[in-house]
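First the proteins, then the strands, lettered A, B, ... as listed; each starts at 1. What's counted below: heavy atoms across the whole structure, side chains too, no hydrogens, waters or symmetry copies.
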Protein chains: 2
Amino acid sequence: MNKAERTKQFIIEKAAPIINRKGMAGTSISDIMEATQMAKGGIYGNFESKEEICALSLDYLLERIDTTLNHRLADHTACKDKLFELLEFYKSQATAENAFGCPMLNFGVEADDTNPEIKQQISKAIAATQARMSKLVKKGIETGEFKKGFDAETFSIKAFCMIEGAMWATRMTGNSKQVRVVTDLLKKEITDHLK
Amino acid sequence: MNKAERTKQFIIEKAAPIINRKGMAGTSISDIMEATQMAKGGIYGNFESKEEICALSLDYLLERIDTTLNHRLADHTACKDKLFELLEFYKSQATAENAFGCPMLNFGVEADDTNPEIKQQISKAIAATQARMSKLVKKGIETGEFKKGFDAETFSIKAFCMIEGAMWATRMTGNSKQVRVVTDLLKKEITDHLK
DNA sequence: CACTGTATAGACCGATCGGTCTATTATTTT
DNA sequence: AAAATAATAGACCGATCGGTCTATACAGTG
């Protein structure tokens, strides 16, 4: 990584959490200047536009979640344990002090009706997230861990929607009950499908 | 309603859908000027600030959903039918051409971490929405329509999170499957709890 | 119809927006 | 170390932001 690439990465790492928190329209270049302690020319020497910074920030946030999740799931062998770990991860994200909501939801809600490119990024991320869960269920069936009646696709859609909705509701109401009820229900459903 | 009140209402009715679509930060006064065909002085003669317009727009959107839902539910007597109608309403909102996502979600995501007043409005709306479902389940148990084991609070939390998540996911992916799967699952759960 | 008070238009304000450009400073390469 | 190249600072740009103010137009009342 040469200087330019390192600087680019540095700016994205500083900008991404701010954009996730304040939104794309709500974040100004001066916010990013302040966070990076760089002048405007320094920023624009590395990016074409604010839009590009937003898109790359979203990529960065999504990738970070993906790798974190990959590492955590690798600690377990049983599909049930992997699914449980996944649920715990999202639950912790909803209540964590330093987390400011799911980037998919945050960027997606703003991009809807205004930014087709970002919307496309989100659409892919949703598919990938649901596919991860679906694969875990399917693999669990293959290995004989889960009953054959466990519908992978239905479960992954349901679980995804419930988790996203619950993380948001918990943040809004300041009440962790929402996410707790949801993760408990999903855990029970997984357990019920164990052989 | 005198002139001032009528004008105020008129502005909110024009502004609310725009703000719901483009966001609070993403909507400018000039957008509202264009939609209302009024000059800046005309707008600011009726409101103190853009913030006030946003807050009142949110109130308007929430109330409109509330009254629409009240009317629709009044068409049915059985709690099961009321719950089904409620699910159908949300489903139609997710796929409707003229709807631009749930105002609770749209405003809430943006207000999180930046606008405590709006966040408070959303928090109350979430509680009211869940309470509506919870009451329908409880009433159904009282009237002997539902089995006693139907947990009203758990169901309302789960259903709410699933619906919000699914409406959003359907809008993002452009695939109505998300909301279809979710409403079907919830309908099945309701049916399963019929005596 | 005239009078009076309210409501609106639109010029105007300073601040800030995203973005550009050049002089200067770092970093590489020789 | 010197020369060549890449990267940054910050003044600057026009456009637009939210918001104010006053002259004018309108509505409601006698």
Hey, can you pull the residues of residues 45-58 of chain A with a non-hydrogen atom under 4.0 angstrom from DNA chain C?
A:Ser49, A:Lys50

Mind jotting down which residue pairs meet the salt bridge (Lys or Arg N to Asp or Glu O under 4.0 Å) criterion with at least one end in residues 129-148 of chain A? Sequence neighbours excluded, please.
A:Asp66-A:Arg132

Heavy-atom closest pair (A:Leu62 atom, A:Ala125 atom, distance to 0.1 Å) is CD1-CB, 3.9 Å

Please state how far atom CD1 in B:Ile29 lies from atom P in C:dT8, giving the value in whole angstrom units.
15 Å

Listing request: all side chain to side chain donor-acceptor pair (under 3.5 Å) pairs with a residue in residues 156-166 of chain A, at least two apart in sequence or in separate chains.
A:Lys158-A:Glu189

If only side-chain N and O atoms count, and only distance matters, is there a donor-acceptor pair under 3.5 Å linking B:Gln9 with B:Glu13?
yes

Residues within residues 32-39 of chain B bordering DNA chain D, heavy-atom distance below 4.0 Å
none

Show each protein N/O and nucleotides 22-30 of chain C N/O combination with a separation under 3.5 Å, one pair to a line.
none

B:Phe155 and B:Phe150 aromatic ring geometry - parallel, tilted or perpendicular at 30°/60° bounds:
perpendicular

Can you sort out the partners of A:Lys195 under salt bridge (Lys or Arg N to Asp or Glu O under 4.0 Å), two or more places apart, ordered by chain and number?
none

What residues form a salt bridge (Lys or Arg N to Asp or Glu O under 4.0 Å) with A:Arg21, not counting sequence neighbours?
none

Both A:Thr7 and B:Gly41 contact DNA chain D. Which one's nearest nucleotide lies toward the 5' end?
A:Thr7

Could you note down all residue pairs passing salt bridge (Lys or Arg N to Asp or Glu O under 4.0 Å) where residues 175-185 of chain B supplies at least one of them, sequence neighbours left out?
A:Glu153-B:Lys177

Quick one: side chains of residues 81-89 of chain B, donor-acceptor pairs under 3.5 Å with protein atoms, not counting sequence neighbours, listed by atom name and distance.
from	atom 1	to	atom 2	distance (Å)
B:Lys82	NZ	B:Leu73	O	3.0
B:Lys82	NZ	B:His76	O	3.0
B:Glu85	OE1	B:His76	NE2	3.4
B:Glu88	OE2	B:Lys187	NZ	2.5

Need two values: the first and the last nucleotide of DNA chain D, 5' to 3', having an atom under 4.0 Å from any heavy-atom of chain A.
D:dA7 to D:dG10

Whether over 12 other heavy atoms sit under 6.0 Å from B:Glu48 CD:
no

Tell me the salt bridge (Lys or Arg N to Asp or Glu O under 4.0 Å) pairs involving residues 101-121 of chain B, sequence neighbours left out?
A:Arg171-B:Asp112, A:Arg171-B:Asp113, B:Asp112-B:Lys119

Inter- and intrachain pairs under side chain to side chain donor-acceptor pair (under 3.5 Å), touching residues 25-37 of chain A, at least two apart
A:Lys22-A:Asp31, A:Ser28-A:Ser30, A:Ser28-A:Asp31

For the backbone of A:Thr7 and the side chain of A:Asn46, can you confirm whether one donor and one acceptor N or O come within less than 3.5 Å of each other?
no

